[in-house]
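Working notes for the structure below.
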Amino acid sequence: MHITARRISFIAAIVVIVTMIMSHWLFSTLLFRESQGTIRLVVTLATGIITYALTLKVISMFLISKVRHIFQMIHKPDEQTDLESKLKEDQPLLKEVELEVTKFLKTQNQELNSKRDLERYRQDFVGNVAHELKTPIFNIQGYVHTLQDGALEDEKVNRLYLQRASDNIDRMIKIIQDLDSVYKLESNQLTLEWHDIDLFSFVESMIDEMIMITSEKGVNLSMESEIDTNQLITADPDYLRQVFINLLENAIKYGNPNGQTNIKLFDLGEKVLVEIKDNGPGIDNKHLRHIFDRFYRVDKARSRAAGGSGLGLSIVKHIMEAHNQSIKVRSTPGVGTIFSFTLEKAKNKI
C-alpha cells in the first residue's frame with residue numbers, strides 16, 4: 001500500500017474515532033456511570049486528542065525510520081551532516097522526501113548526460129586523432145617502401161621522396177605538439193606568466209616573423225592602430241605570440257594569393273580590441289559556430305594541403321579564455337573573415 005498524507009490522516013482519524021467510542025462507553029458504563037454528561041464528554045474529547053497526538057507521533061517515527069534509509073541511499077556520506085534537520089517532525093515529511101528524490105534524480109541525469117558527453121568526446125577525439133595521423137603515416141610508409149624497393153638509387157626521385165617523407169614527419173610532430181597543448185589547456189595545466197607588453201612593438205615583431213609566408217603567398221600584411229604607440233597590455237607573451245601566429249598563418253595560408261591581411265588595434269577603455277582581417281574566400285555561416293572545435297575544417301582537402309593540424313583555432317580559444325578574454329569570428333563568403341579578440345591594458349604605462 002502506498003503511504004500518502006490522506007491515508008495517514010484517515011488512519012489517524014479511524015484510530016481516534018474508535019478510541020473515543022471505546023472511552024465513552026467505558027466511562028459511561030463503568031467509571032463515570034453516575035457522573036454528569038459534560039464530564040464524560042470532556043474526558044472523551046481529551047482521550048481523543050491524546051490518542052490523535054500519540055498516533056501521529058508513532059506514524060511519524062515509523063515514516064522517519066523508513067525515510068532515513070532513502071536519504072542515506074541518495075546522499076553521499078559527506079552530504080548527510082544535515083540529515084536529522086531534514087527529518088524534523090515539524091517538517092512536511094512527504095514533501096521533503098519528494099523534493100530530495102527529485103533533486104537526486106536530476107543530479108543523476110546530469111551526471112549521466114555528462115558521462116555520455118565525455119564518452120562521445122573521447123570517441124570523437126580518438127577517431128579524429130587516428131584520422132589525422134593516418135594520412136602522414138601512410139604517406140611516410142609509401143615513400144620509404146618505394147625507396148627500399150629501388151627508388152633510393154634513382155637520383156630523380158630519391159631526394160624528392162625523402163623530402164616528402166620529411167614534410168609528413170614535420171606534420172605529425174605539429175599534430176602531436178598541438179595535441180599536447182590542447183591537453184594542457186583543457187586540463188587546466190596552463191600556467192600563465194604575466195608581463196606588461198608593448199603591444200605596438202609586439203605586433204610589428206609578428207609582422208616581421210610572418211615575412212617568409214607573406215612573401216611566398218604574395219600577401220600584403222599591414223597594421224592599423226587607433227591606440228597610443230606606447231600602450232602596454234598584460235598577457236603571457238609566449239602564448240600571445242601563439243595566438244597571433246595561428247591567426248595570421250590561417251589568414252595568409254587560406255586567404256587569396258596576392259591578397260591583403262590587416263591587423264587593426266582599437267581602444268576600448270580598459271581593454272584593447274585586436275582584429276585580424278583577410279580578404280579571402282570567407283567562411284559560410286553554417287561553419288562559423290564550429291570554427292573553434294577541435295579538428296574542425298571548413299575545407300578538409302585544402303587544410304591538409306596547407307599542413308594544418310586542425311587544432312590551431314581551438315588552441316587560440318583556450319589561450320584567450322585562460323587570459324579571461326574573449327575571441328569572436330565573423331565572415332562574409334567572397335569578402336573575407338575577421339577574427340577579433342580583447343586584451344587587458346596594463347596598469348602601468350611607459
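- In this structure, I252 CD1 and T214 OG1 are separated by 5.5 Å, a value rounded to the nearest 0.5 Å.
- A salt bridge between R159 and E155 is absent, with no side-chain N of the basic residue lying under 4.0 Å from a carboxylate O of the acidic one.
- By the criterion of side-chain heavy atoms lying less than 4.5 angstrom apart, applied directly or through intervening Ile, Leu, Val, Met, Phe, Trp or Tyr residues, L199 is grouped together with W194 in one hydrophobic cluster.
- The main-chain N or O of D198 is never found under 3.5 Å from a side-chain atom of S201 such that the two would form a donor-acceptor pair.
- Formation of a donor-acceptor pair under 3.5 Å by the K217 side chain with backbone atoms of K253 is found in this model.
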With side-chain contact (heavy atoms from CB on, under 4.5 Å) as the test, would you mind laying out the steps for I319 and V316 before giving the verdict?
CA-CA 5 Å; I319 291 175; V316 166; 5.8 Å; no

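- Listed for the N158 side chain is no donor-acceptor partner under 3.5 Å among the backbone atoms of A151.
- Here the closest non-hydrogen pair linking S331 and G336 is OG-O, 3.1 Å.
- For the pair V219 and N258, the minimum side-chain heavy-atom distance is 4.5 Å or more.
- Judged purely by atom type and a 3.5 angstrom limit, N168 uses its side chain to pair as donor or acceptor with the backbone of R164.
- A heavy-atom distance below 4.5 Å is not found between the side chains of E224 and I263.
- Inter-residue side-chain proximity for N250 and N246 is flagged as unmet; no heavy-atom pair is nearer than 4.5 Å.
- Judged by distance alone, with hydrogens and angles left aside, the side-chain atoms of S222 form no donor-acceptor pair with the main-chain N or O of N262 at under 3.5 Å.
- Of the possible polar contacts, one joining the N256 side chain to the N279 backbone as a donor-acceptor pair under 3.5 Å is found.
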Output, in order, the C-alpha distance, side-chain angles, deciding distance and verdict of side-chain contact (heavy atoms from CB on, under 4.5 Å) for I213 and L221.
CA-CA 10 Å; I213 303 177; L221 177 58; over 6 Å; no

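- The list of side-chain hydrogen bond (donor to acceptor under 3.5 Å, both in side chains) pairs with a residue in residues 233-245, not counting sequence neighbours, reads D196-T234, E209-R241.
- Closest approach of Y254 and P281 over heavy atoms only: O-CD, 3.5 Å.
- The closest side-chain heavy-atom distance from I140 to M172 is below 4.5 Å.
- Nearest heavy atom pair, residue K286 against residue H290, reads O-CD2, 3.8 Å.
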Test side-chain contact (heavy atoms from CB on, under 4.5 Å) on L343 and H323; report intermediate values, then the result.
CA-CA 8 Å; L343 294 169; H323 282 79; 5.5 Å; no

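- Of the N and O atoms on the side chains of Q260 and N220, at least one donor lies less than 3.5 Å from an acceptor on the other residue.
- The pair R330-E275 meets the salt-bridge criterion, since a charged nitrogen lies less than 4.0 angstrom from a carboxylate oxygen.
- Hydrophobic clustering of Ile, Leu, Val, Met, Phe, Trp and Tyr side chains at less than 4.5 Å, counting indirect connections, keeps I176 apart from I137.
- Between H318 and E321 there is a side-chain heavy-atom pair separated by less than 4.5 Å.
- Here the CD1 atom belonging to I276 is positioned 5.0 Å from the CZ atom belonging to F341, to the nearest 0.5 angstrom.
- Under the 4.5 angstrom side-chain criterion for Ile, Leu, Val, Met, Phe, Trp and Tyr, the cluster partners of L152 are Y143, L147, V157, L160, Y161, L162.
- When every heavy atom of L240 is checked against every heavy atom of A235, the shortest pair comes out as CD2-CB, 4.2 Å.
- Shortest non-hydrogen contact noted between D267 and I227 is N-CG2, 3.6 Å.
- With hydrogens and angles ignored, the 3.5 Å screen pairs a side-chain donor or acceptor of K345 with a backbone N or O of G269.
- Taking the side chain as every heavy atom from C-beta outward, M206 and I245 approach each other to under 4.5 Å.
- The ring of F339 has its center no closer than 6.0 angstrom to the ring center of F244.
- Tracing side-chain contacts under 4.5 Å through hydrophobic residues (I, L, V, M, F, W, Y), one never reaches I338 starting from V203; they form parts of separate clusters.
- The line from OG of S166 to CZ of R171 is 14.0 Å long, rounded to the nearest 0.5 Å.
- Using a 4.5 Å heavy-atom threshold, the side chains of V274 and K264 count as separate.
- Taking 4.5 Å as the limit, every side-chain heavy atom of K277 sits out of range of all side-chain heavy atoms of T337.
- By the 4.5 Å side-chain criterion applied to Ile, Leu, Val, Met, Phe, Trp and Tyr, L268 is assigned to a cluster that also includes F266, L273.
- Across A322 and L192, no two heavy atoms sit closer than the pair O-CD1, 3.3 Å.
- Atoms CE and OG1, from M223 and T261 in turn, are 14.5 Å apart once rounded to the nearest 0.5 Å.
- Defined by atom type and a distance below 3.5 Å, a donor-acceptor pair is present between the side-chain atoms of Q325 and T342.
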